Structures are given as structure tokens and as C-alpha cells.
Q: 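One structure follows; several queries about it will come next.
Computed from a predicted model, the values in this text were never measured in an experiment.
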Amino acid sequence: MNKIRYYSPVLLIIFISFLVYLNALRNGFVWDDMVLIADNEGINKWGCFWENFVRDFFDTTDDTIEFKYGYYRPIISLSYMIDYAVWGLKPWGFHLSNIIFHTISCILVYLIFNSLFNNRSISIITSLLFACHPIHTESVTWISGRTDIIAGMFFLSAFYLYQKALNPLIPNETNSSLSNREILKLFFKQRKIFYICSITLFAIAMLCKEMVATLPFLLIAYTHYFSGLRNGRQFKISLLLSTPYFFVILLYGIIRFTILGIHTVVNPGGEEMKGFYPITLSFTKTIFIYLFKLIYPAHPSAYIQNPMSFSITEPAVISSIFGVAFLIFLIVWLKKRWASMSFLILFYLVTLLPLSNFIRISAPWDMGFVTAERFLYIPSLGFCGIISVLLVNAWKTCKRSFPILGYFTILLFIALLIFYSGQTLLRNRDWIDEKTFFSKTLKEAPNAALLHHAMGNVYVREENYEKALDYYKNSLELYPLYHAAYNNIGTIYSKHGLYDQAISAFKEAIKINPEYIQSHFNLGTMYYQKGMIMDASNEFKKVLGLNKNYIKAHNNLGIIYAENGQLHEAISEFEEVLKHDPHNEKARNNLAIIKEELVNKSPDKNL
């Protein structure tokens with residue numbers, strides 16, 4: 001009976017989690033979904049399974065990616081492959097998976113808080129607020145946003161299992177006098193399976209997103225707060241128990257940065273944004289930008305332009321510095337008076353640390369200090385926990401002295417839940433398709449070059465090239481170094497037979513970024529169309545110098561060799577195509593024709 005009472009709220013959590021995202025099931029693929037899923041040729045190739053673990057997240061085809069470099073997300077790539085195997089390319093199936101991942105996270109929140117507080121009211125309220133909070137729409141409603149959901153799911157799983165493993169360390173009459181070594185021995189004897197599983201899940205979480213690297217720091221704090229040990233023993237034991245988690249981070253870093261060489265590539269522009277001082281000021285300010293978004297999430301945006309701060313005298317910076325100092329004071333002051341509240345404030349601040357931007361991620365420079373609502377998926381748990389603890393304690397206090405006010409706190413929670421749910425349902429509609437999404441986002445950030453470029457891509461898919469050109473030109477006015485915009489303008493010119501204008505646009509793109517493969521390839525194609533065979537051949541060779549696996553360049557070079565009578569060289573190029581794409585019929589047919597021609601030329605009819 002107790003188990004039924006304990007787990008029955010889980011049904012409510014599942015119901016609410018699905019309810020607030022139900023209208024997202026009719027949404028399509030948007031933005032990065034096109035590259036990672038809809039146009040990803042490798043999503044259904046299980047023979048390429050292990051490639052997910054040795055390549056950049058956005059390295060999905062033989063093309064280069066415009067603004068995305070230096071991400072390592074093999075588990076997320078695997079999730080797309082599983083979804084494709086189950087649903088095909090039906091967007092609703094991918095959206096359903098996102099909702100399921102989010103629901104699992106909400107259930108984990110309930111279990112974690114129940115273990116933390118031993119209070120069902122706090123656990124239920126926290127999990128429901130977490131389930132409905134509109135700040136999560138970017139993570140749940142946007143298919144590509146699942147990076148944060150899946151990482152959060154494994155993060156929370158690892159945290160919960162550590163909680164389960166730590167229970168034996170709570171002293172009682174038997175073990176209060178045990179030494180640290182004896183306590184650890186007892187720990188590994190009784191609960192090692194939970195501990196090992198926690199470390200394993202943390203390793204998987206690291207393969208989803210680096211943001212989870214804060215977990216060992218939180219585990220140190222959790223052990224320090226709630227292990228029940230005293231006299232400094234909790235700190236020593238917490239360091240020992242967290243060591244394997246830090247080892248996982250070290251191993252991840254060696255594999256990613258040293259062995260695989262996957263580093264963040266920052267886009268040109270915004271050099272003034274670098275440096276310890278402006279980043280520190282901007283991060284301090286952004287801590288409260290995020291907090292305000294959590295408190296009042298009525299104006300969501302998928303493209304937050306957060307200008308860098310360069311002076312401590314800026315009003316937003318000054319107020320944030322005092323605000324952060326006050327939060328740190330509360331953490332210290334509440335530690336012995338209200339440990340759970342102290343831990344939740346600490347949870348919020350610690351999980352924001354990966355967003356400090358001291359290691360700048362790849363993002364458009366006009367965003368300023370890189371800020372995004374999806375980054376709050378894990379930190380929002382601390383906020384939701386704080387709100388639920390305040391509500392429950394207010395209800396208990398008022399119930400004793402002012403019963404009417406006690407009911408007011410219940411109404412306040414219901415109103416908050418309705419407000420959050422309504423905002424989430426409304427926000428889901430903004431992601432229904434690319435045109436709706438980018439139109440909405442451009443209203444929030446009208447001077448964002450990336451959004452104008454993305455809107456141009458939408459019109460290209462609709463074959464409305466005149467509109468597309470307008471948006472590409474807008475993006476260049478806002479950001480003259482936008483080489484991808486020049487490339488796309490050149491592509492439109494080439495479709496209309498304006499080869500000279502196209503060549504000029506491709507050259508501009510290459511001038512900005514000499515290693516931009518797509519423009520080299522397109523320029524080679526234009527040269528070929530104009531009969532400039534030698535120039536075309538040189539461009540395709542440049543492409544292969546930058547990426548030896550670029551199938552289209554091998555194929556086109558093979559055609560040029562064949563037309564020039566260099567049949568052995570042509571065979572080599574077509575065989576290279578088939579090496580990477582055995583099902584390429586054009587290359588296979590070309591190869592067969594050339595071999596037959598060689599046989600006919602050979603005196604003994606034998607190659």
C-alpha cells in the first residue's frame with residue numbers, strides 16, 4: 001500500500017508532461033533538424049554506427065557545415081538513428097521521443113526530491129513545475145533540442161543512483177564510530193551496484209553534452225550536506241567518492257580533444273568579446289538574465305542577443321554582482337539553518353558554470369555572450385525546487401496560524417501551473433514549421449544575420465528565389481563576413497544561368513573563408529559549365545585537398561578525366577566514390593562504361 005501511495009503521483013506527472021506538449025506532435029522539422037535528420041543520409045546506415053563516436057556531431061554528410069563545428073554528441077546521433085528505425089522520417093515520431101525523454105526526466109525529479117526531502121508534496125510540486133515550465137520548450141518541442149533532455153535524463157539518473165548508494169553512509173548507532181576506511185568498505189560492500197551504475201550513466205551523459213560535467217561537484221556538495229557525517233569526514237569521503245567521476249571527465253577530454261581532435265571552431269568576428277574580464281562581467285550579468293527568464297518566461301526567444309559587458313559600472317553588471325554575492329551569502333548562511341534550500345541555490349549556480357563561456361562555443365558573434373533557453377534544462381531544476389520548498393513551507397506556516405492564507409498558497413501553485421502550461425502550449429505552436437519559427441524569431445531579433453540567412457534557405461526550399469535573395473542580401477548587410485550567404489547567392493545565380501555572377505559570389509565566399517569546401521566545389525562546377533575544364537579540375541582537387549572523402553568532387557573529377565581520355569585516372573576516381581558510397585549508381589555505371597572502353601582498346605581484350 002505504501003508503494004502504491006509512493007508511486008501513484010508518477011501517473012499524474014506522466015499525464016501532465018504529455019498534456020503540455022501534445023500539440024507539438026503536429027510540428028515538423030525545424031532549423032538544425034534539417035541537417036541532423038531530414039537531410040542526413042547516414043541516419044539509416046547502421047553500418048556507420050561507430051562513426052558517430054569518432055566524428056563531429058554535425059559532420060553528417062560530405063558537405064561542410066556553416067556555423068557548427070566542435071560538437072561531440074555520439075549518443076544523440078544514435079538516438080536519431082533509433083528514431084529513424086522506428087518512425088522513419090515522420091516528424092511526430094521524433095517529437096514523441098522528445099516528450100518521452102522529458103517525461104522520464106520529470107519522474108527522476110520526483111524520485112530525487114523524494115529522497116532529498118522525504119516529502120511527497122515538495123517532490124510532486126517540483127516535478128510538475130519542471131514538467132510544465134515553458135523555458136523547456138526549446139529543448140522538448142525542437143527535435144534537435146533533445147541534446148539537453150537526454151543529457152539531463154542521464155545526469156539525473158546518475159545523481160539519483162548516487163543518492164541510493166550514499167544511504168549507508170548515514171551514521172547510526174552501529175557505524176558512527178567507524179573510520180573513513182571502514183565506512184567506505186561498508187559502502188562498497190552494500191551499495192556498489194548503485195555507485196557503478198551511477199558512474200556509467202554519467203559517462204553516457206558526457207557523450208550527450210559537456211554541460212553535465214558539473215555533476216561530480218554537485219555530488220561533493222550533496223555528500224557534504226546530506227551524508228550525515230561530521231568533523232570534516234564528509235569532505236574527505238566526498239572527494240574519494242567523486243574521483244571516478246572526475247576520471248570520466250579526464251578520459252572524455254583525452255578522447256575528444258587529443259585522440260579525435262574535435263575542438264570548438266569559433267566563427268570570425270567579435271574578437272573584442274574574448275578575455276577574462278569581459279567574460280566574467282557578462283557571465284555574472286547573465287546569471288540573472290537566466291533567473292528572470294525562469295521567474296517570468298512570457299517572452300521566449302530562440303535567438304537571444306545578449307551584448308557583452310565591458311565595464312563593471314554598467315547598471316546590469318553592478319546589480320548582478322550584488323545579486324550573486326547575496327546568493328553566495330544565502331548558501332553559506334542557510335547551510336546549517338536550512339540545508340536543503342542552501343543546496344538548491346548552490347545547484348542552480350553550479351549547473352550554470354558550463355555556460356560561463358570561458359571556453360567559447362561555436363555561435364554567431366552577433367549573439368554577444370552566448371545565451372540560450374535550452375541551456376537552462378538542468379539548472380531550472382534548482383529553481384523549481386526552490387519555488388516548491390517555499391510554497392510547501394508557506395502552506396505549513398499559514399495552516400497553523402492563518403488557514404485561509406494556507407489555501408491561498410495552494411491557489412498560487414495552481415495558478416502558476418496553469419500559467420506555465422498555457423505558455424508552453426502557446427510556444428509549441430511557434431515551432432510548427434520553419435517559416436513560422438523564423439518569422440517569429442526574426443521579430444525578436446530583427447538584426448540577426450543568421451536568421452535572415454535561415455529564412456533565405458526556407459524560401460529556397462519553396463523555390464521562391466527572389467525572396468531568398470532578399471534575405472541573403474539582408475544577412476550580408478548585417479554581417480559582411482557571412483561566406484555561406486555569398487555561396488547561396490551564387491547557387492541561385494547558377495540556377496538561373498547567370499554563371500559570371502555566380503562565379504563572382506563563390507569567389508567572395510572563398511576570399512572570406514579559403515577553406516570553405518562548398519564554394520570551391522560550386523566554383524568548380526561553374527567553371528565546368530563554362531567549358532573552363534582546367535580551372536574546374538583545379539577547384540575539385542582543392543576540395544579533395546580539404547576533404548579527401550568528398551564524393552561529389554571525386555565523381556566530377558572522374559568525369560573530367562574520362563572526357564580528357566585519362567581513363568585510368570577516371571577509374572581511380574569512380575572507385576573512390578564507390579568505396580565511400582557502394583550504392584552510387586552513376587559512379588558504378590560510369591566505371592562500367594570506362595572499363596568496357598578500355599577492354600575494347602586493349603589488344604588482348606583484357607584489363
Q: Are side-chain N/O atoms of Ser144 and Asp32 paired as donor and acceptor at under 3.5 Å?
A: no
Q: Does Phe217 have more than 12 heavy atoms from other residues, nucleotides or ligands lying within 6.0 Å of its CZ?
A: no
Q: If we check side-chain hydrogen bond (donor to acceptor under 3.5 Å, both in side chains) with Tyr377, which of these qualifies: His102, His136, Glu138?
A: His102
Q: Compare every heavy atom of Ala445 with every heavy atom of Leu451, then report the nearest pair and how far apart it is.
A: CD1-O, 3.7 Å
Q: Quick one: side chain to side chain contact (heavy atoms under 4.5 Å, CB included) partners of Trp92, sequence neighbours excluded?
A: Trp87, Lys90, Leu96
Q: Ala509 and Ser519: which non-hydrogen atoms are nearest, and at how many Å?
A: CB-OG, 3.2 Å
Q: Can you label the angle between the Phe155 ring and the Phe347 ring as parallel, tilted or perpendicular, going by 30° and 60°?
A: perpendicular
Q: Rounded to the nearest 0.5 Å, what separates atom CZ in Arg374 from atom NZ in Lys209?
A: 6.0 Å
Q: Go through the side-chain N and O atoms of Asn487 and Asn522 and say whether any donor and acceptor fall under 3.5 Å apart.
A: yes
Q: Looking only at side chains, do Asn457 and Glu434 share a donor and an acceptor under 3.5 Å apart?
A: no
Q: Are Glu444 and Tyr303 side-chain neighbours, meaning at least one heavy-atom pair lies under 4.5 Å?
A: no
Q: For atom CZ of Phe53, is the number of surrounding heavy atoms from other residues, nucleotides or ligands below 6.0 Å larger than 12?
A: yes
Q: Among pairs that include at least one residue of residues 70-86, which meet salt bridge (charged side-chain N to carboxylate O under 4.0 Å, His left out), considering only residues two or more places apart or in two chains?
A: Arg73-Glu210, Asp83-Arg146
Q: With a 4.5 Å cut-off on side-chain heavy atoms, are Asn27 and Trp142 touching?
A: no
Q: So how far is it from Leu19 CG to Cys132 SG, rounded to the nearest 0.5 Å?
A: 8.0 Å
Q: Roughly how far, to the nearest 0.5 Å, is CG of Leu355 from CD1 of Ile378?
A: 9.5 Å
Q: Using a 4.5 Å cut-off on heavy atoms from C-beta on, say whether the side chain of Lys495 contacts that of Thr491.
A: yes
Q: For Arg256, does the CZ atom have more than 12 heavy-atom neighbours from other residues, nucleotides or ligands under 6.0 Å away?
A: yes
Q: Would you call Glu462 and Lys435 a salt bridge, using N to O less than 4.0 angstrom?
A: yes
Q: Tyr245 and Ser198: side-chain donor and acceptor closer than 3.5 Å?
A: yes
Q: Using the ring of each side chain (for Trp, its six-membered ring), is Tyr420 parallel, tilted or perpendicular to His133, with breaks at 30° and 60°?
A: tilted
Q: If you measure from OG1 on Thr525 to OH on Tyr499, what distance do you get to the nearest 0.5 Å?
A: 10.5 Å
Q: Which pair of heavy atoms, one from Trp46 and one from Leu78, lies closest together, and at what distance?
A: CZ3-CD1, 3.9 Å
Q: Please tell me if the side chains of His452 and Glu477 come closer than 4.5 Å, counting only heavy atoms from C-beta onward.
A: no
Q: Side chains of Asn306 and Met367: does their closest heavy-atom pair fall under 4.5 Å?
A: no
Q: Cut-off 3.5 Å, side chains only: do Ser282 and Asn357 have a donor facing an acceptor?
A: no
Q: For the atom pair CH2 (Trp431) and OG1 (Thr137), what is the distance rounded to the nearest 0.5 Å?
A: 7.5 Å
Q: How long is the straight-line distance from CG of Leu381 back to OH of Tyr348, given to the nearest 0.5 Å?
A: 13.0 Å
Q: Taking NZ, NE, NH1 and NH2 as the nitrogens, is one of them in Asp430 or Arg427 under 4.0 Å from a carboxylate oxygen of the other?
A: yes
Q: Is the His453-Tyr472 ring centre distance short of 6.0 angstrom?
A: yes
Q: State, to 0.1 Å, how close Ala213 and Ile249 come at their nearest heavy-atom pair, and which atoms those are.
A: O-CD1, 3.5 Å
Q: Return yes when atom NZ of Lys579 has more than 12 non-hydrogen atoms of other residues, nucleotides or ligands closer than 6.0 Å, and no otherwise.
A: no
Q: Are side-chain heavy atoms of Phe154 and Leu207 found at a separation under 4.5 Å?
A: no
Q: State, yes or no, whether a side-chain contact exists between Gln305 and Asn447 at a heavy-atom distance under 4.5 Å.
A: yes
Q: Angle class for the Phe438/Trp31 ring planes (parallel below 30°, perpendicular above 60°, tilted otherwise)?
A: perpendicular
